[in-house]
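All remarks here apply to the structure that follows.
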Amino acid sequence: MISVKLPDGSAMELAEGATVLDLAQEIGPGLAKAALAGVVNGREVDLAAPLDDGDEVRLLTWRDPEGVEVYRHSSAHLMAQAIKRLWPKAQLAIGPPIEDGFYYDIDLDTAISAEDLPRIEEEMRRIVEEDIAVRRLDLSREEAIALFRERGEGYKIELIQDMPEDEALSAYEQGEFVDLCRGPHLPSTGRVAAFKLIAVAGAYWRGDSSRKMLQRIYGTSFPDRKELKRHLQLLEEAKRRDHRRLGKELDLFSFHEEGPGFPFFHPKGQVIFNEMLEYMRERLREWNYVEIQTPLILNEALWHRSGHWDNYRENMYFTEIDEAPYAVKPMNCPGCLVWFREGLHSYRELPLRVAEFGKVHRHELSGVLHGLFRVRMFTQDDAHIFCTPDQLEDEIVGMIEMIQRVLGDFGFDDVRIELSTKPEKAIGAQEIWDRAEAALAAALGRLGIDFQLNPGDGAFYGPKIDFHIRDCLRRSWQCSTIQVDFSMPERFDLEYVGPDGQRHRPVMIHRAIYGSLERFIGILIEHTAGNLPTWLAPEQVRVLPITDTVRGWAETVRDHLAAAGVRVDVDLSDETIKKKIRAAELQKIPFMLIVGGKEAESGQVAVRRHGAGDQGAVPLDEFIAQIREEIRTRAREPQTV
RNA sequence: GCCCGCGUAGCUCAGUCGGUAGAGCACCUGCAUGGUAAGCAGGUGGUCAGCAGUUCAAAUCUGCUCGCGGGCUCCA
């Protein structure tokens with residue numbers, strides 16, 4: 001008999017030579033069925049792995065992130081096996097699990113198209129039905145190379161040759177299929193219950209654009225059909241909420257051949273943009289910022305000095321004025337610095353918080369453009385803070401509070417925060433880095449904020465804090481960022497006069513909250529499915545007269561609302577009330593005011609709330625008071641009037 | 001930029017084997033004055049993304065260009 005330790009601290013007696021699966025069975029048949037793999041003494045292993053006396057064992061199921069990975073990884077193998085059956089000449093590259101699924105990169109001279117996916121799925125189902133046992137092969141380096149050479153898998157040989165000499169190698173075999181793999185894997189192909197192939201795409205071998213382009217097939221898998229179906233519905237929902245589609249349907253913005261990647265904001269989209277600016281300017285006043293505006297085009301010499309020429313040239317647009325070279329700004333900071341250097345600054349001015357809604361142009365590769373999410377011109381709600389090293393921590397605290405306030409006001413409550421520290425290649429003295437990193441961490445600590453540490457992930461010029469918001473579809477977006485910068489103050493020789501009368505170098509912080517207004521609008525549209533809160537809605541109220549005879553009252557209602565600062569329109573078309581309502585609902589207008597004879601006589605409006613239906617009639621004044629309050633407080637959720 | 005796919009009316013899409021373009025919605029006009037998600041009828045609207053080629057004939061076949069979509073890389 002042997003004894004193994006379980007995560008809850010208890011021990012379990014097992015027969016000599018028992019496996020992880022035996023242990024699961026011993027605990028209960030339900031667990032044995034749910035178990036996907038195990039962790040023994042901190043190492044992930046197959047269910048078939050034998051246990052030794054004293055081992056610490058944990059079982060992995062779908063509830064463990066590692067379990068999900070094993071499941072998806074085995075799904076990738078399943079797909080690869082099917083592809084090899086259909087196209088024996090296909091060479092396998094890599095096939096890892098990813099968030100929400102898996103992919104496999106293959107090299108094949110015939111192109112696989114989306115129409116081929118059902119065929120591959122069919123073959124996968126066949127392999128699942130065959131329920132082929134999956135076997136682990138522990139190999140020496142030579143054995144592994146010989147095996148994959150024999151099988152003509154050149155990419156696998158390259159992978160092996162790039163691994164450290166002493167690396168233990170293993171492969172997994174299921175029937176005629178063998179793949180180089182660290183594992184662990186599900187015990188048999190029959191364990192993959194529900195899967196779906198999603199897309200085909202191109203991907204470079206090892207992500208290197210100078211290497212060969214491979215064919216990547218994306219899929220996903222789940223332990224049962226219901227969960228798969230739910231996931232596919234989520235994908236459908238995402239498509240329905242796509243901001244590019246809603247932007248067109250709601251007439252917010254557009255893109256044109258005349259300027260790929262350069263968004264055109266329509267009158268309705270511009271309303272959202274302006275509301276966001278106004279909202280942010282209120283916050284700037286609250287947090288004691290000043291606002292400036294610097295030119296879009298500046299002399300190239302500035303960009304040499306800032307380092308953008310050396311580090312960012314590929315993404316910049318250049319032009320010429322009076323035979324001198326100029327560049328279109330890809331960032332706002334150098335312009336801000338030109339201003340800062342104009343005069344002499346006293347320590348009494350610090351911290352100096354300078355905001356700029358700056359339009360920046362960046363040359364992005366044509367293939368990466370994507371609606372408002374990835375454009376070539378966008379507006380940053382940028383700010384640069386000049387302070388002393390001593391003020392750093394307080395400044396960071398203030399910024400974090402400001403960012404949380406803003407994100408919360410827009411309905412993003414699920415915010416993940418990451419702190420990235422000094423990378424290998426960095427400028428500035430170690431002590432100043434230590435001090436800045438400590439200030440960032442201390443600020444987060446003071447606010448009691450949980451954060452993820454990304455060692456070595458900072459910018460070369462300083463450490464940073466990034467904010468990732470999660471939308472209602474559980475997708476994560478990086479918007480807000482706080483970056484400490486040691487580079488710019490040096491390059492531009494920034495100074496302030498201290499209490500000692502000597503000149504000192506200030507610390508500079510870059511920060512953005514929306515990040516890009518354009519992108520934030522895109523995220524907001526998808527997060528709300530186009531149902532913007534009233535304060536942001538381009539058209540807040542539409543008055544719908546039932547007949548021509550009440551046209552006069554409808555126009556009076558319109559005029560009163562407009563006078564109260566509400567964005568309102570009246571539908572005077574020759575249509576039935578049903579159709580006017582339908583049109584207004586499709587435009588996702590928060591309030592419809594239906595007026596007929598009854599309302600005209602009593603000075604009332606019949607309120608219909610978008611998505612919520614008839615709310616009953618109220619006197620016009622009462623409605624105006626309520627909607628003004630909803631707008632003034634920037635209420636996130638629809639308030640029933 | 002690279003790989004794969006796509007581009008027909010303002011929008012969503014049909015168009016067979018190559019024979020010269022169609023629907024619904026929207027818009028305009030008329031009728032209907034309608035009480036909470038599409039009233040009826042008629043009408044306008046197209047260089048079939050662009051250029052070139054093959055052909056008696058090209059939306060359809062071929063090539064190139066532009067744009068879009070899905071990815072790769074990078075980031076706001």
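In what follows, every chain begins at residue 1, and chains take the letters A, B, ... in the order their sequences are listed. Source: prediction; values computed, not measured.
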### Query
Hey, is A/Y514 doing a stacking thing with B/A76, by the 5.5 Å centroid and 30° angle criteria?
no
### Message
Could you check, using the six-membered ring where one of them is a Trp, whether A/H610 and A/F591 have ring centers closer than 6.0 angstrom?
### Response
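For A/H610 and A/F591, the ring centres are not under 6.0 Å apart.
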Work out how far the [atom1] atom of [N] is from that of [M], and round it to whole angstrom.
N: B/C4; M: B/U36; atom1: C1'; answer: 48 Å
N: B/U8; M: B/C61; atom1: P; answer: 15 Å
N: B/G35; M: B/A59; atom1: C1'; answer: 48 Å

### Task
Dot-bracket notation for RNA chain B is requested: 5' to 3', Watson-Crick or G-U wobble pairs only, both distances under 3.5 Å, with ( ), [ ], | and . as defined.
(((((((..((((.....[..)))).(((((.......))))).....(((((..]....))))))))))))....
Taking OP1 and OP2 of [N], is either one under 4.0 Å from a side-chain nitrogen or oxygen of [X]?
X: A/K579; N: B/U33; answer: no
X: A/R244; N: B/G69; answer: yes
X: A/T576; N: B/G39; answer: yes
X: A/H363; N: B/G1; answer: no

### Task
Can you sort out the partners of A/D414 under salt bridge (Lys or Arg N to Asp or Glu O under 4.0 Å), two or more places apart, ordered by chain and number?
A/R474
### Query
Listed by chain and number, what are the salt bridge (Lys or Arg N to Asp or Glu O under 4.0 Å) partners of A/E153, not counting sequence neighbours?
A/K84
### Message
Under 4.0 Å, heavy atoms only, any strand: does A/R216 hit a base, just the sugar-phosphate, or nothing?
### Response
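It contacts sugar-phosphate atoms only.
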### Query
By a strict heavy-atom criterion of less than 4.0 Å, which residues belonging to residues 327-336 of chain A are in contact with RNA chain B?
none
### Summary
Sorted by number, residues from residues 271-279 of chain A placing a heavy atom under 4.0 Å from RNA chain B are none
### Query
From the list B/C72, B/G39, B/U33, which nucleotide is the closest neighbour of the side chain of A/T547?
B/U33
### Query
Got a sec, which pairs hit salt bridge (Lys or Arg N to Asp or Glu O under 4.0 Å) with one end in residues 198-210 of chain A, sequence neighbours left out?
A/E158-A/R206, A/D162-A/R206
### Task
Any pair with a residue in residues 95-106 of chain A that passes salt bridge (Lys or Arg N to Asp or Glu O under 4.0 Å), sequence neighbours left out, goes on the list, sorted by first then second residue, please.
A/D105-A/R216
#### Entry: Atom pair CE/OG of A/M399 and A/S480 - distance to nearest 0.5 Å
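These two atoms lie 12.0 Å from each other.
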#### Entry: Toward the 5' end of RNA chain B, by each residue's nearest nucleotide, A/I577 or A/A199
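In this pair, the answer is A/I577.
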### Message
Between A/K464 and A/D548, which residue's closest nucleotide on RNA chain B lies nearer the 5′ terminus?
### Response
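Its nucleotide being nearer the 5' end, the pick is A/D548.
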### Task
List the atom of A/I482, the atom of A/I509, and the distance in Å for their closest heavy-atom pair.
CG2-CG2, 3.7 Å
### Query
For A/Y218, which residues count as a ring pair (Phe, Tyr, Trp, His ring centres under 6.0 Å) partner, sequence neighbours excluded?
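A/Y218 satisfies ring pair (Phe, Tyr, Trp, His ring centres under 6.0 Å) with A/Y103 once adjacent residues are dropped.
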At a cut-off of 3.5 Å, list every protein nitrogen or oxygen paired with a nitrogen or oxygen from nucleotides 9-12 of chain B, distance to 0.1 Å.
none

### Task
Let me know the distance between OH of A/Y103 and P of B/C72, rounded to the nearest Å.
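Value for this atom pair: 8 Å.
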### Length of the line joining A/I589:CD1 and B/U36:P, which is rounded to integer Å
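Result: 19 Å.
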For nucleotides 42-47 of chain B, give me every protein contact, N/O to N/O, under 3.5 Å, one pair per line with atom names.
none

Any protein N or O atoms within reach of nucleotides 2-8 of chain B? Criterion: under 3.5 Å, listing atom names and distances.
unit_1: B/C2; atom_1: O2; unit_2: A/Y204; atom_2: OH; d: 3.0
unit_1: B/C3; atom_1: O2; unit_2: A/G202; atom_2: N; d: 3.3

### No-H, no-angle donor-acceptor pair, A/E364 side chain to B/A76 base, under 3.5 Å
yes
### Counterpart residues, side chain to side chain donor-acceptor pair (under 3.5 Å), relative to A/Y514 (two or more places apart)
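Partners of A/Y514 under the side chain to side chain donor-acceptor pair (under 3.5 Å) test: none.
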